[in-house]
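Here is the naming used below: chain letters follow the sequence lines, and residue numbers restart at 1 for every chain. Below, each value reflects all heavy atoms present in this structure, side chains not excepted, and no hydrogens, waters or symmetry copies.
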There are 2 protein chains.
Amino acid sequence: MDKKKNISMAVIRRLPKYHRYLGDLMKNDVDRISSKELSEKIGFTASQIRQDLNCFGDFGQQGYGYNVSELYSQICNILGLVKLYKTVIIGAGNIGQAIANYTGFEKLGFELKSIFDVNPKLIGLRIRDIEIKDIDYLPDFLKENTIDIGIICVPSINAQKVCDILVKNGVKGIWNFAPVDLVVPDDVKVEGVHLSDSLLILSCLLNDME
Amino acid sequence: MDKKKNISMAVIRRLPKYHRYLGDLMKNDVDRISSKELSEKIGFTASQIRQDLNCFGDFGQQGYGYNVSELYSQICNILGLVKLYKTVIIGAGNIGQAIANYTGFEKLGFELKSIFDVNPKLIGLRIRDIEIKDIDYLPDFLKENTIDIGIICVPSINAQKVCDILVKNGVKGIWNFAPVDLVVPDDVKVEGVHLSDSLLILSCLLNDME
DNA sequence: TAGATTGTTAATCGATTAACAATC
DNA sequence: TAGATTGTTAATCGATTAACAATC
(Lines give C-alpha, C1' and ligand atoms only; values in the text may rest on other atoms or scores of the structure.)
Protein backbone atom coordinates (compact mmCIF):
# COMPACT_ATOMS: atom_id res chain seq x y z
CA MET A 1 0.00 0.00 0.00
CA ASP A 2 2.99 2.25 0.35
CA LYS A 3 4.59 1.25 -2.92
CA LYS A 4 4.03 4.70 -4.42
CA LYS A 5 7.20 4.46 -6.44
CA ASN A 6 6.94 6.56 -9.53
CA ILE A 7 3.37 7.60 -10.13
CA SER A 8 3.39 9.33 -13.45
CA MET A 9 1.23 12.35 -14.14
CA ALA A 10 -0.64 10.25 -16.70
CA VAL A 11 -1.76 7.92 -13.91
CA ILE A 12 -2.59 10.74 -11.49
CA ARG A 13 -4.86 12.38 -14.04
CA ARG A 14 -6.84 9.15 -14.29
CA LEU A 15 -7.31 8.73 -10.54
CA PRO A 16 -10.31 11.03 -10.10
CA LYS A 17 -12.14 8.99 -12.71
CA TYR A 18 -11.42 5.78 -10.81
CA HIS A 19 -12.64 7.54 -7.68
CA ARG A 20 -15.85 8.55 -9.39
CA TYR A 21 -16.63 5.14 -10.88
CA LEU A 22 -15.74 3.24 -7.73
CA GLY A 23 -17.95 5.62 -5.75
CA ASP A 24 -20.82 4.71 -8.09
CA LEU A 25 -20.15 1.00 -7.61
CA MET A 26 -20.19 1.51 -3.84
CA LYS A 27 -23.56 3.25 -4.09
CA ASN A 28 -24.89 0.29 -6.05
CA ASP A 29 -23.58 -2.12 -3.42
CA VAL A 30 -21.28 -3.92 -5.83
CA ASP A 31 -18.60 -5.54 -3.73
CA ARG A 32 -16.27 -7.04 -6.24
CA ILE A 33 -15.17 -6.13 -9.75
CA SER A 34 -12.61 -7.46 -12.22
CA SER A 35 -10.38 -5.25 -14.31
CA LYS A 36 -12.32 -6.48 -17.33
CA GLU A 37 -15.70 -5.40 -15.97
CA LEU A 38 -14.34 -2.06 -14.78
CA SER A 39 -12.78 -1.59 -18.19
CA GLU A 40 -16.17 -1.85 -19.85
CA LYS A 41 -17.61 0.83 -17.59
CA ILE A 42 -14.77 3.27 -17.31
CA GLY A 43 -13.38 2.98 -20.81
CA PHE A 44 -9.73 2.26 -19.97
CA THR A 45 -8.29 -1.06 -21.09
CA ALA A 46 -8.24 -3.85 -18.52
CA SER A 47 -4.49 -3.97 -18.94
CA GLN A 48 -4.13 -0.30 -18.16
CA ILE A 49 -6.32 -0.61 -15.09
CA ARG A 50 -4.18 -3.41 -13.68
CA GLN A 51 -1.05 -1.48 -14.56
CA ASP A 52 -2.38 1.68 -12.90
CA LEU A 53 -3.55 -0.01 -9.72
CA ASN A 54 -0.25 -1.75 -9.36
CA CYS A 55 1.57 1.52 -8.92
CA PHE A 56 0.23 1.63 -5.40
CA GLY A 57 0.57 -1.90 -4.16
CA ASP A 58 -1.38 -5.03 -4.83
CA PHE A 59 -4.91 -4.89 -3.63
CA GLY A 60 -6.27 -7.22 -6.27
CA GLN A 61 -6.56 -10.95 -5.89
CA GLN A 62 -5.90 -13.47 -8.63
CA GLY A 63 -8.98 -15.33 -9.73
CA TYR A 64 -11.23 -12.92 -7.84
CA GLY A 65 -10.65 -9.35 -8.95
CA TYR A 66 -10.78 -6.30 -6.74
CA ASN A 67 -12.79 -5.65 -3.62
CA VAL A 68 -14.67 -2.47 -4.43
CA SER A 69 -14.75 -0.83 -1.03
CA GLU A 70 -11.14 -1.67 -0.31
CA LEU A 71 -10.09 -0.31 -3.68
CA TYR A 72 -12.20 2.78 -3.20
CA SER A 73 -10.67 3.60 0.12
CA GLN A 74 -7.19 3.03 -1.29
CA ILE A 75 -7.89 5.46 -4.12
CA CYS A 76 -9.15 7.96 -1.54
CA ASN A 77 -5.89 7.48 0.30
CA ILE A 78 -3.78 8.11 -2.75
CA LEU A 79 -5.83 11.16 -3.65
CA GLY A 80 -5.27 12.48 -0.14
CA LEU A 81 -8.99 12.47 0.63
CA VAL A 82 -8.41 11.20 4.13
CA LYS A 83 -7.62 14.59 5.56
CA LEU A 84 -9.33 17.95 5.50
CA TYR A 85 -8.08 20.88 3.49
CA LYS A 86 -8.58 24.48 4.42
CA THR A 87 -9.07 26.75 1.46
CA VAL A 88 -9.46 30.42 0.67
CA ILE A 89 -10.83 31.99 -2.48
CA ILE A 90 -9.24 35.13 -3.78
CA GLY A 91 -11.46 37.02 -6.15
CA ALA A 92 -15.21 37.06 -5.59
CA GLY A 93 -16.21 37.65 -9.21
CA ASN A 94 -18.20 35.23 -11.35
CA ILE A 95 -16.02 32.19 -10.90
CA GLY A 96 -15.08 32.93 -7.30
CA GLN A 97 -18.71 33.20 -6.32
CA ALA A 98 -19.70 30.08 -8.20
CA ILE A 99 -17.05 28.05 -6.40
CA ALA A 100 -17.89 29.58 -3.05
CA ASN A 101 -21.56 28.72 -3.52
CA TYR A 102 -20.92 25.16 -4.60
CA THR A 103 -21.20 22.82 -1.65
CA GLY A 104 -19.83 19.71 -3.35
CA PHE A 105 -16.20 20.44 -2.51
CA GLU A 106 -16.96 20.50 1.22
CA LYS A 107 -18.26 16.95 0.91
CA LEU A 108 -14.88 15.89 -0.44
CA GLY A 109 -13.12 17.51 2.50
CA PHE A 110 -12.28 20.97 1.20
CA GLU A 111 -13.45 23.56 3.67
CA LEU A 112 -13.72 27.16 2.57
CA LYS A 113 -12.38 29.41 5.34
CA SER A 114 -12.52 32.82 3.75
CA ILE A 115 -13.02 34.87 0.58
CA PHE A 116 -11.08 37.96 -0.40
CA ASP A 117 -11.62 40.69 -2.95
CA VAL A 118 -10.49 44.23 -3.73
CA ASN A 119 -13.90 45.55 -4.68
CA PRO A 120 -15.40 47.64 -1.81
CA LYS A 121 -18.88 46.76 -3.08
CA LEU A 122 -18.24 43.09 -2.42
CA ILE A 123 -16.31 43.39 0.84
CA GLY A 124 -18.58 42.63 3.76
CA LEU A 125 -21.07 40.59 1.73
CA ARG A 126 -21.56 36.98 2.70
CA ILE A 127 -21.61 33.83 0.61
CA ARG A 128 -22.94 30.84 2.49
CA ASP A 129 -22.17 32.55 5.77
CA ILE A 130 -18.61 33.36 4.78
CA GLU A 131 -17.78 37.03 4.72
CA ILE A 132 -15.89 38.52 1.79
CA LYS A 133 -12.86 40.30 3.26
CA ASP A 134 -10.58 43.03 1.99
CA ILE A 135 -7.65 41.52 0.13
CA ASP A 136 -5.30 43.78 2.09
CA TYR A 137 -6.05 41.54 5.06
CA LEU A 138 -4.95 38.39 3.19
CA PRO A 139 -1.31 38.25 4.43
CA ASP A 140 -2.39 38.66 8.06
CA PHE A 141 -5.14 36.11 7.64
CA LEU A 142 -2.66 33.59 6.24
CA LYS A 143 -0.32 34.18 9.16
CA GLU A 144 -3.11 33.55 11.65
CA ASN A 145 -4.65 30.57 9.86
CA THR A 146 -3.03 27.55 8.26
CA ILE A 147 -4.41 27.36 4.76
CA ASP A 148 -3.69 24.41 2.48
CA ILE A 149 -5.12 25.59 -0.80
CA GLY A 150 -5.52 29.04 -2.32
CA ILE A 151 -8.10 29.31 -5.07
CA ILE A 152 -7.15 32.11 -7.43
CA CYS A 153 -10.12 33.67 -9.19
CA VAL A 154 -8.75 37.16 -9.85
CA PRO A 155 -8.10 38.63 -13.30
CA SER A 156 -4.94 37.38 -15.02
CA ILE A 157 -3.06 40.57 -14.42
CA ASN A 158 -3.23 40.15 -10.65
CA ALA A 159 -2.89 36.39 -10.47
CA GLN A 160 0.88 36.14 -10.04
CA LYS A 161 0.83 38.85 -7.37
CA VAL A 162 -1.85 37.02 -5.40
CA CYS A 163 0.01 33.75 -5.90
CA ASP A 164 3.19 35.27 -4.47
CA ILE A 165 1.34 36.37 -1.35
CA LEU A 166 -0.09 32.89 -0.88
CA VAL A 167 3.27 31.19 -1.39
CA LYS A 168 5.08 33.63 0.86
CA ASN A 169 2.67 32.78 3.65
CA GLY A 170 3.03 29.03 3.43
CA VAL A 171 0.22 27.94 1.12
CA LYS A 172 1.38 24.80 -0.70
CA GLY A 173 -1.49 24.25 -3.12
CA ILE A 174 -2.80 26.66 -5.72
CA TRP A 175 -5.96 26.08 -7.72
CA ASN A 176 -5.67 28.62 -10.47
CA PHE A 177 -8.58 29.83 -12.57
CA ALA A 178 -6.73 32.75 -14.13
CA PRO A 179 -5.53 32.11 -17.69
CA VAL A 180 -1.86 32.53 -16.88
CA ASP A 181 0.95 30.15 -16.03
CA LEU A 182 1.99 30.85 -12.47
CA VAL A 183 5.59 30.69 -11.31
CA VAL A 184 6.04 28.93 -7.97
CA PRO A 185 8.80 27.16 -6.03
CA ASP A 186 9.13 23.38 -6.42
CA ASP A 187 7.38 22.52 -3.19
CA VAL A 188 4.22 24.37 -4.21
CA LYS A 189 1.78 22.55 -6.47
CA VAL A 190 -0.37 24.35 -8.99
CA GLU A 191 -3.36 22.90 -10.76
CA GLY A 192 -4.85 25.19 -13.34
CA VAL A 193 -8.35 25.29 -14.75
CA HIS A 194 -8.21 27.30 -17.92
CA LEU A 195 -11.77 27.65 -19.10
CA SER A 196 -11.02 29.55 -22.26
CA ASP A 197 -8.31 27.05 -23.21
CA SER A 198 -10.87 24.32 -22.83
CA LEU A 199 -13.37 26.17 -25.00
CA LEU A 200 -10.72 26.73 -27.68
CA ILE A 201 -9.94 23.02 -27.71
CA LEU A 202 -13.61 22.35 -28.35
CA SER A 203 -13.73 24.83 -31.21
CA CYS A 204 -10.58 23.25 -32.64
CA LEU A 205 -12.17 19.81 -32.53
CA LEU A 206 -15.28 21.16 -34.26
CA ASN A 207 -13.13 22.33 -37.14
CA ASP A 208 -10.81 19.39 -37.35
CA MET A 209 -12.79 17.52 -39.96
CA GLU A 210 -11.32 14.37 -41.37
CA MET B 1 -1.14 25.85 -44.65
CA ASP B 2 -3.63 23.10 -45.25
CA LYS B 3 -1.30 20.29 -44.28
CA LYS B 4 -3.40 19.35 -41.23
CA LYS B 5 -2.52 15.71 -41.61
CA ASN B 6 -2.64 13.99 -38.26
CA ILE B 7 -2.86 16.52 -35.50
CA SER B 8 -2.61 14.52 -32.32
CA MET B 9 -4.59 15.40 -29.25
CA ALA B 10 -1.31 16.16 -27.49
CA VAL B 11 -0.67 18.95 -29.99
CA ILE B 12 -4.24 20.26 -29.90
CA ARG B 13 -4.10 20.61 -26.13
CA ARG B 14 -1.05 22.83 -26.49
CA LEU B 15 -2.59 25.14 -29.07
CA PRO B 16 -4.51 27.41 -26.69
CA LYS B 17 -1.25 28.14 -24.91
CA TYR B 18 0.43 29.10 -28.17
CA HIS B 19 -2.57 31.29 -28.87
CA ARG B 20 -2.24 32.99 -25.52
CA TYR B 21 1.50 33.62 -25.72
CA LEU B 22 1.39 34.79 -29.31
CA GLY B 23 -1.44 37.15 -28.39
CA ASP B 24 0.79 38.63 -25.71
CA LEU B 25 3.64 39.05 -28.19
CA MET B 26 1.26 40.82 -30.57
CA LYS B 27 0.22 43.21 -27.81
CA ASN B 28 3.88 43.99 -27.17
CA ASP B 29 4.43 44.65 -30.88
CA VAL B 30 6.99 41.88 -31.24
CA ASP B 31 7.02 40.98 -34.88
CA ARG B 32 9.38 38.07 -35.07
CA ILE B 33 10.35 35.25 -32.77
CA SER B 34 12.51 32.15 -32.99
CA SER B 35 11.53 28.77 -31.61
CA LYS B 36 14.32 29.21 -29.08
CA GLU B 37 13.00 32.52 -27.76
CA LEU B 38 9.43 31.27 -27.68
CA SER B 39 10.65 28.18 -25.87
CA GLU B 40 12.05 30.29 -23.05
CA LYS B 41 8.74 32.08 -22.59
CA ILE B 42 6.25 29.29 -23.09
CA GLY B 43 8.19 26.44 -21.50
CA PHE B 44 8.01 23.91 -24.34
CA THR B 45 11.30 22.84 -25.94
CA ALA B 46 12.31 24.62 -29.12
CA SER B 47 12.29 21.26 -30.83
CA GLN B 48 8.73 20.59 -29.79
CA ILE B 49 7.60 24.01 -30.94
CA ARG B 50 9.06 23.45 -34.41
CA GLN B 51 7.57 19.97 -34.48
CA ASP B 52 4.15 21.27 -33.42
CA LEU B 53 4.04 24.16 -35.86
CA ASN B 54 5.03 21.90 -38.68
CA CYS B 55 1.86 19.89 -38.33
CA PHE B 56 0.06 22.71 -40.05
CA GLY B 57 2.42 23.70 -42.83
CA ASP B 58 5.55 25.72 -42.87
CA PHE B 59 5.17 29.28 -41.79
CA GLY B 60 8.61 29.63 -40.36
CA GLN B 61 11.62 30.82 -42.26
CA GLN B 62 15.12 29.45 -41.91
CA GLY B 63 17.56 31.90 -40.44
CA TYR B 64 14.75 34.24 -39.41
CA GLY B 65 12.24 32.49 -37.23
CA TYR B 66 8.50 33.03 -37.21
CA ASN B 67 6.52 36.11 -38.05
CA VAL B 68 4.41 36.67 -34.94
CA SER B 69 1.26 38.07 -36.50
CA GLU B 70 1.27 35.51 -39.32
CA LEU B 71 1.76 32.70 -36.83
CA TYR B 72 -0.92 34.09 -34.54
CA SER B 73 -3.48 34.24 -37.28
CA GLN B 74 -2.58 30.72 -38.39
CA ILE B 75 -3.12 29.44 -34.85
CA CYS B 76 -6.47 31.24 -34.78
CA ASN B 77 -7.31 29.48 -38.02
CA ILE B 78 -6.46 26.08 -36.67
CA LEU B 79 -8.40 26.74 -33.48
CA GLY B 80 -11.38 27.70 -35.59
CA LEU B 81 -11.44 31.23 -34.19
CA VAL B 82 -12.23 32.71 -37.58
CA LYS B 83 -15.91 32.06 -37.31
CA LEU B 84 -18.58 32.81 -34.76
CA TYR B 85 -20.13 30.15 -32.56
CA LYS B 86 -23.63 30.30 -31.21
CA THR B 87 -23.95 28.81 -27.76
CA VAL B 88 -26.63 28.01 -25.23
CA ILE B 89 -26.20 27.32 -21.54
CA ILE B 90 -28.34 24.67 -19.94
CA GLY B 91 -28.49 25.04 -16.18
CA ALA B 92 -28.47 28.48 -14.59
CA GLY B 93 -26.97 27.44 -11.26
CA ASN B 94 -23.63 28.56 -9.90
CA ILE B 95 -21.49 27.58 -12.84
CA GLY B 96 -24.07 28.37 -15.49
CA GLN B 97 -24.48 31.88 -14.15
CA ALA B 98 -20.76 32.44 -13.84
CA ILE B 99 -20.21 31.49 -17.47
CA ALA B 100 -23.17 33.52 -18.63
CA ASN B 101 -21.85 36.57 -16.82
CA TYR B 102 -18.34 36.24 -18.13
CA THR B 103 -17.85 38.40 -21.21
CA GLY B 104 -14.46 37.02 -22.24
CA PHE B 105 -15.86 34.21 -24.36
CA GLU B 106 -17.78 36.67 -26.55
CA LYS B 107 -14.50 38.34 -27.40
CA LEU B 108 -13.22 35.03 -28.73
CA GLY B 109 -16.29 34.63 -30.92
CA PHE B 110 -18.61 32.58 -28.74
CA GLU B 111 -21.99 34.25 -28.60
CA LEU B 112 -24.45 33.21 -25.92
CA LYS B 113 -27.91 32.97 -27.47
CA SER B 114 -29.97 31.61 -24.62
CA ILE B 115 -30.02 30.09 -21.14
CA PHE B 116 -32.31 27.31 -19.96
CA ASP B 117 -33.25 25.97 -16.55
CA VAL B 118 -35.96 23.91 -14.87
CA ASN B 119 -36.25 26.08 -11.79
CA PRO B 120 -39.37 28.32 -12.00
CA LYS B 121 -37.65 30.84 -9.73
CA LEU B 122 -34.94 31.36 -12.31
CA ILE B 123 -37.06 31.26 -15.47
CA GLY B 124 -37.74 34.78 -16.67
CA LEU B 125 -34.70 36.31 -14.98
CA ARG B 126 -32.09 37.94 -17.16
CA ILE B 127 -28.33 37.60 -17.21
CA ARG B 128 -26.63 40.23 -19.31
CA ASP B 129 -29.87 40.85 -21.16
CA ILE B 130 -30.39 37.17 -21.91
CA GLU B 131 -33.54 35.70 -20.51
CA ILE B 132 -33.47 32.36 -18.73
CA LYS B 133 -36.02 30.14 -20.46
CA ASP B 134 -37.89 27.04 -19.41
CA ILE B 135 -35.93 23.96 -20.37
CA ASP B 136 -39.09 22.46 -21.88
CA TYR B 137 -38.67 24.99 -24.64
CA LEU B 138 -35.12 23.80 -25.44
CA PRO B 139 -36.00 21.37 -28.28
CA ASP B 140 -38.13 23.95 -30.07
CA PHE B 141 -35.49 26.61 -29.59
CA LEU B 142 -32.85 24.34 -31.11
CA LYS B 143 -35.09 23.67 -34.09
CA GLU B 144 -35.61 27.38 -34.69
CA ASN B 145 -31.99 28.41 -34.08
CA THR B 146 -28.77 26.87 -35.28
CA ILE B 147 -26.64 26.35 -32.20
CA ASP B 148 -23.02 25.23 -32.44
CA ILE B 149 -22.19 24.59 -28.81
CA GLY B 150 -24.28 23.49 -25.85
CA ILE B 151 -22.83 24.29 -22.45
CA ILE B 152 -24.07 21.76 -19.93
CA CYS B 153 -24.20 23.09 -16.37
CA VAL B 154 -26.93 20.90 -14.95
CA PRO B 155 -26.47 18.35 -12.14
CA SER B 156 -24.81 15.08 -13.21
CA ILE B 157 -28.01 13.14 -13.04
CA ASN B 158 -29.60 15.21 -15.80
CA ALA B 159 -26.52 15.78 -17.93
CA GLN B 160 -26.91 12.85 -20.33
CA LYS B 161 -30.58 13.64 -20.85
CA VAL B 162 -29.80 17.25 -21.72
CA CYS B 163 -26.94 16.09 -23.92
CA ASP B 164 -29.28 13.80 -25.85
CA ILE B 165 -31.68 16.66 -26.55
CA LEU B 166 -28.81 18.80 -27.81
CA VAL B 167 -27.42 16.06 -30.04
CA LYS B 168 -30.84 15.12 -31.38
CA ASN B 169 -31.33 18.70 -32.47
CA GLY B 170 -28.08 19.06 -34.34
CA VAL B 171 -25.69 20.52 -31.78
CA LYS B 172 -22.19 19.28 -32.66
CA GLY B 173 -20.19 20.66 -29.75
CA ILE B 174 -20.75 20.01 -26.06
CA TRP B 175 -18.92 21.84 -23.31
CA ASN B 176 -19.66 19.72 -20.29
CA PHE B 177 -19.33 20.91 -16.70
CA ALA B 178 -21.16 17.97 -15.15
CA PRO B 179 -18.89 15.35 -13.58
CA VAL B 180 -20.02 12.54 -15.87
CA ASP B 181 -18.71 11.06 -19.10
CA LEU B 182 -21.25 11.78 -21.78
CA VAL B 183 -22.05 9.34 -24.55
CA VAL B 184 -22.36 10.96 -27.97
CA PRO B 185 -22.13 9.92 -31.64
CA ASP B 186 -18.75 10.21 -33.38
CA ASP B 187 -19.54 13.45 -35.16
CA VAL B 188 -20.27 15.24 -31.90
CA LYS B 189 -17.32 16.59 -29.93
CA VAL B 190 -17.33 16.80 -26.16
CA GLU B 191 -14.88 18.78 -24.08
CA GLY B 192 -15.34 18.32 -20.38
CA VAL B 193 -14.37 20.58 -17.51
CA HIS B 194 -14.44 18.50 -14.37
CA LEU B 195 -13.77 20.88 -11.52
CA SER B 196 -13.80 18.29 -8.78
CA ASP B 197 -11.45 16.04 -10.75
CA SER B 198 -9.08 18.96 -11.02
CA LEU B 199 -9.28 19.64 -7.29
CA LEU B 200 -8.62 15.97 -6.53
CA ILE B 201 -5.53 16.05 -8.72
CA LEU B 202 -4.29 19.00 -6.69
CA SER B 203 -4.89 17.20 -3.42
CA CYS B 204 -3.09 14.14 -4.81
CA LEU B 205 -0.08 16.26 -5.74
CA LEU B 206 -0.03 17.78 -2.27
CA ASN B 207 0.26 14.30 -0.77
CA ASP B 208 2.64 12.83 -3.29
CA MET B 209 5.77 13.65 -1.33
CA GLU B 210 9.02 12.35 -2.71
C1' DT C 1 28.99 35.22 -47.89
C1' DA C 2 28.55 33.77 -42.89
C1' DG C 3 25.34 33.18 -39.24
C1' DA C 4 21.06 31.88 -37.78
C1' DT C 5 17.29 29.09 -37.57
C1' DT C 6 14.07 26.29 -39.66
C1' DG C 7 12.15 21.66 -41.40
C1' DT C 8 12.75 17.04 -40.93
C1' DT C 9 14.79 12.68 -39.94
C1' DA C 10 16.64 9.68 -36.43
C1' DA C 11 17.13 8.45 -31.48
C1' DT C 12 15.16 8.33 -27.10
C1' DC C 13 11.93 8.16 -23.81
C1' DG C 14 7.58 7.06 -21.73
C1' DA C 15 3.06 5.26 -21.82
C1' DT C 16 -0.08 1.80 -23.43
C1' DT C 17 -1.20 -2.77 -24.80
C1' DA C 18 -0.47 -7.73 -25.14
C1' DA C 19 0.83 -11.95 -23.21
C1' DC C 20 1.28 -15.26 -19.84
C1' DA C 21 3.05 -17.40 -15.61
C1' DA C 22 1.62 -17.12 -10.83
C1' DT C 23 -1.96 -17.97 -7.74
C1' DC C 24 -6.35 -17.50 -5.54
C1' DT D 1 -8.93 -29.37 -8.86
C1' DA D 2 -10.29 -26.20 -12.80
C1' DG D 3 -11.42 -21.59 -14.01
C1' DA D 4 -10.67 -16.96 -13.42
C1' DT D 5 -8.07 -13.11 -12.97
C1' DT D 6 -4.32 -10.81 -11.22
C1' DG D 7 0.70 -9.06 -11.26
C1' DT D 8 4.31 -8.38 -14.16
C1' DT D 9 7.30 -8.73 -18.07
C1' DA D 10 7.85 -7.98 -22.93
C1' DA D 11 6.25 -5.76 -27.23
C1' DT D 12 4.26 -1.93 -29.35
C1' DC D 13 2.99 2.43 -30.06
C1' DG D 14 3.25 7.38 -29.80
C1' DA D 15 5.26 11.55 -28.26
C1' DT D 16 9.34 14.15 -27.18
C1' DT D 17 14.03 15.36 -27.86
C1' DA D 18 18.36 15.58 -30.43
C1' DA D 19 20.80 16.31 -34.48
C1' DC D 20 21.83 18.27 -38.68
C1' DA D 21 21.28 19.26 -43.59
C1' DA D 22 18.69 22.73 -46.08
C1' DT D 23 18.19 27.46 -46.79
C1' DC D 24 17.00 32.13 -45.76
Side-chain angles (χ1 to χ4, degrees), chain A residues 1-18 22 25 30-72 74-75 78 201 204 208 210, chain B residues 1-18 22 25 30-72 74-75 78 201 204 208 210:
Chain A
M1 134 198 348
D2 225 61
K3 219 171 173 181
K4 257 204 177 187
K5 35 185 180 184
N6 35 7
I7 311 163
S8 74
M9 211 50 207
V11 176
I12 291 177
R13 298 216 158 267
R14 278 191 292 270
L15 291 177
K17 199 165 166 181
Y18 284 113
L22 287 164
L25 290 169
V30 177
D31 46 40
R32 68 160 270 239
I33 194 153
S34 67
S35 57
K36 186 161 167 288
E37 290 168 296
L38 186 55
S39 162
E40 281 153 17
K41 289 184 184 292
I42 208 171
F44 306 149
T45 64
S47 198
Q48 180 165 66
I49 291 169
R50 293 202 299 280
Q51 201 73 275
D52 282 356
L53 299 182
N54 251 78
C55 292
F56 312 109
D58 36 22
F59 26 84
Q61 196 169 76
Q62 278 109 325
Y64 172 86
Y66 300 88
N67 177 290
V68 172
S69 70
E70 197 195 321
L71 188 51
Y72 180 73
Q74 288 293 356
I75 299 275
I78 298 152
I201 288 164
C204 186
D208 177 35
E210 31 185 352
Chain B
M1 136 196 349
D2 225 60
K3 220 170 173 180
K4 256 202 180 191
K5 37 188 179 185
N6 35 7
I7 310 163
S8 75
M9 211 51 204
V11 176
I12 291 177
R13 298 216 161 268
R14 279 191 292 270
L15 290 178
K17 200 165 165 182
Y18 284 114
L22 286 164
L25 290 170
V30 178
D31 45 42
R32 68 160 268 237
I33 196 156
S34 69
S35 57
K36 184 159 168 289
E37 289 169 298
L38 186 55
S39 163
E40 281 152 19
K41 289 183 185 292
I42 208 170
F44 307 148
T45 64
S47 199
Q48 181 165 64
I49 291 169
R50 294 202 298 280
Q51 202 71 275
D52 282 356
L53 299 182
N54 251 78
C55 292
F56 312 110
D58 36 21
F59 28 82
Q61 196 170 73
Q62 279 109 325
Y64 172 86
Y66 299 88
N67 177 291
V68 173
S69 69
E70 196 195 325
L71 188 52
Y72 180 73
Q74 288 293 356
I75 299 275
I78 297 151
I201 288 164
C204 185
D208 175 37
E210 32 183 354

Sub-4.5 Å side-chain heavy-atom contact between [X] and [Y]:
{"X": "Asp52(A)", "Y": "Tyr18(A)", "result": "yes"}
{"X": "Glu37(B)", "Y": "Tyr66(B)", "result": "no"}
{"X": "Phe44(A)", "Y": "Arg14(A)", "result": "yes"}
{"X": "Pro16(A)", "Y": "Ile201(B)", "result": "yes"}
{"X": "Asn67(B)", "Y": "Phe59(B)", "result": "no"}

Spacing between [X] atom [atom1] and [N] atom [atom2], to the nearest angstrom:
{"X": "Asp52(B)", "N": "dT6(C)", "atom1": "CG", "atom2": "P", "result": "13 Å"}
{"X": "Leu15(B)", "N": "dA15(D)", "atom1": "CG", "atom2": "P", "result": "14 Å"}
{"X": "Ile49(A)", "N": "dG7(D)", "atom1": "CD1", "atom2": "P", "result": "12 Å"}
{"X": "Ile7(B)", "N": "dG14(D)", "atom1": "CD1", "atom2": "P", "result": "16 Å"}
{"X": "Arg14(A)", "N": "dA15(C)", "atom1": "CZ", "atom2": "P", "result": "9 Å"}
{"X": "Leu53(A)", "N": "dT5(D)", "atom1": "CG", "atom2": "P", "result": "15 Å"}
{"X": "Phe56(A)", "N": "dT6(D)", "atom1": "CZ", "atom2": "P", "result": "16 Å"}

Under-4.0 Å side-chain N/O to phosphate OP1/OP2 contact, [X] with [N]:
{"X": "Arg32(B)", "N": "dC24(D)", "answer": "no"}
{"X": "Tyr64(B)", "N": "dG7(C)", "answer": "no"}
{"X": "Tyr66(B)", "N": "dG7(C)", "answer": "yes"}

Hunt down any stem DNA chain C takes part in, defined as 3 or more consecutive Watson-Crick or G-U pairs whose two distances are each under 3.5 Å.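 Output for stems: C:3-24 with D:3-24.
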If you assign each of Gly63(A) and Arg50(A) to its closest nucleotide in DNA chain C, which residue comes earlier from the 5' end?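 Its nearest nucleotide lies further toward 5', so the answer is Arg50(A).
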Any chance the side chains of Thr45(B) and Gln48(B) put a donor and an acceptor closer than 3.5 Å?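 Per modelled atom types, Thr45(B) and Gln48(B) side chains form no pair under 3.5 Å.
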Taking all heavy atoms of Tyr64(A) and all of Asp31(A), pick out the closest pair and write down the distance.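 Residues Tyr64(A) and Asp31(A), closest heavy atoms: OH-O, 4.1 Å.
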Heavy-atom contacts under 4.0 Å between residues 34-47 of chain B and DNA chain C, which residues?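 By residue number: Ser34(B), Ser35(B).
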Kindly point out which of [options] is positioned nearest to the side chain of [X]?
{"X": "Ser8(B)", "options": "dA15(D), dT16(D), dG7(C)", "result": "dA15(D)"}
{"X": "Gln51(B)", "options": "dA18(D), dC24(C), dT8(D)", "result": "dA18(D)"}
{"X": "Gln62(A)", "options": "dT23(C), dT17(D), dT8(D)", "result": "dT23(C)"}

With a 3.5 Å distance limit and no angle check, can you tell me whether Arg32(A) reaches the backbone of Gly65(A) through a side-chain donor-acceptor pair?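 Side chain of Arg32(A) to backbone of Gly65(A): no pair is present.
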Hey, which of these two, Gln61(B) or Gln61(A), hits DNA chain D nearer its 5' end, going by closest nucleotide?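 On the 5' side of the pair lies Gln61(A).
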Would you mind checking if Lys36(A) and Glu40(A) are paired as a salt bridge, meaning a charged N to carboxylate O distance below 4.0 Å? yes
